[in-house]
Amino acid sequence: MKAQTWHGGAHFTLDDIPDPKPSPDYVVVAIDTTGICGTDVHVTQGLFPKDPPQILGHESSGIIVEVGDGVSKDRIGQRVCVNHPASCYECWYCRNWSLCRCENQPMISNGYFAQYAAVASRSAVEIPETLDLETAALTEPAACCLSGVEMLDIPYRATGLVIGAGIMGLFTAVFLKSHGVETLVVSEPVKIRREMAKQFGADILHDPNDVPLSEVVADVTDNGRGFSVTAEAVGKPELVAACVNSTKPRGQTLMIGVSPEGSPLPVDLYDMHYREIKLIGAFRQGDVTHRVPRELAKLNLENVISGCYPLADLPEAITASAKGLGIKFAIKPNR
Ligand SMILES: [Zn+2]
Ligand SMILES: [Zn+2]
């Protein structure tokens, strides 16, 4: 099969490698769609730690084409999302942290920027009939946002702010609304993303190049004292700080974006202490993945995938993602 191997920096090679074979309790999935994640972009920019060489790609969907011993042949032909973290439910991480942090997670044969992958049968989750495979590839980013939003305690008549309307900001917005945020502001400088936020439930759109955020806080929130909940979905420490500074006393700030490793938080800790702000990190899918395909089937996700590229054009797709030229780009390895 064909696969894109990452060699560090922005260097990839399109290679012929052996087709994966299913071990016992594994299935082989023909990959339909693999989303380009912000993390993939950060990896190629040296902003997220990973060791080359390896095949990247973790937001995927496809069709089961082969099953190993111990898996029912009925699974062949099933439409699945394959980013599901399988969990043992027994290790310290499963019991004390979250299911997606399981230390006994089964290995996958390779990342999903490839035509096929062998994954544990329990990691390949059947999707509802009403969900198309392309959209199902959004399960992982949506799960990360739903897991984060469910860590918040959202009060009655809450106001909310999301900074960043990439795919993570958009899913954070839609789940904040479905979890009770009454008035939601989404702040994003890129027009196409900002306008997409309407489709995801934003009540007020903010262009930071046009009006300072402090004016929005003054206009929208009660006495200008800040939002009940704020979420940073970009991965820039100064924007996490902007969220903290826009949060009302005893409010909460959610960190959805991945800030570079080693970055300090540029906020006045006295102010954070005095105003009793709660800062919550949110990384990965928590325990919610199995619910997400059904949630996705309920949303209007038209035009969220801005472009699909063949496997050979992965570097171009990563460049397009890095430039913020759309909402979400994806690879179709078998096209
Ligand atoms: Zn991802
Ligand atoms: Zn475990």
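Each ligand, and each atom within it, is numbered from 1 in the order the structure gives. In this chain, numbering begins with 1 at the start of the sequence shown.
Asp203 has a carboxylate O that lies under 4.0 Å from a charged side-chain N of Lys177, or vice versa, which qualifies the two as a salt bridge.
Counting non-hydrogen atoms of neighbouring residues, nucleotides and ligands closer than 6.0 angstrom, the CZ atom of Arg291 exceeds 12 such neighbours. For Lys278, the NZ atom counts as loosely surrounded, since its 6.0 Å shell holds 12 or fewer non-hydrogen atoms of other residues, nucleotides or ligands.
Using a cut-off of 2.8 Å, one finds that His58 contributes an N/O/S atom close to the Zn ion (ligand 1).
Seen from the Zn ion (ligand 2), atom SG of Cys94 and atom SG of Cys91 lie 110° apart in angle, a value rounded to 10°. At the Zn ion (ligand 2), the vertex angle linking SG of Cys102 with SG of Cys88 is 100° (nearest 10 degrees). Atoms OE2 of Glu59 and OE1 of Glu140, as seen from the Zn ion (ligand 1), are separated by an angle of 80°, to the nearest 10°.
Using a 30° and 60° split on the angle between ring planes, Phe175 and Phe171 fall in the parallel class, below 30°.
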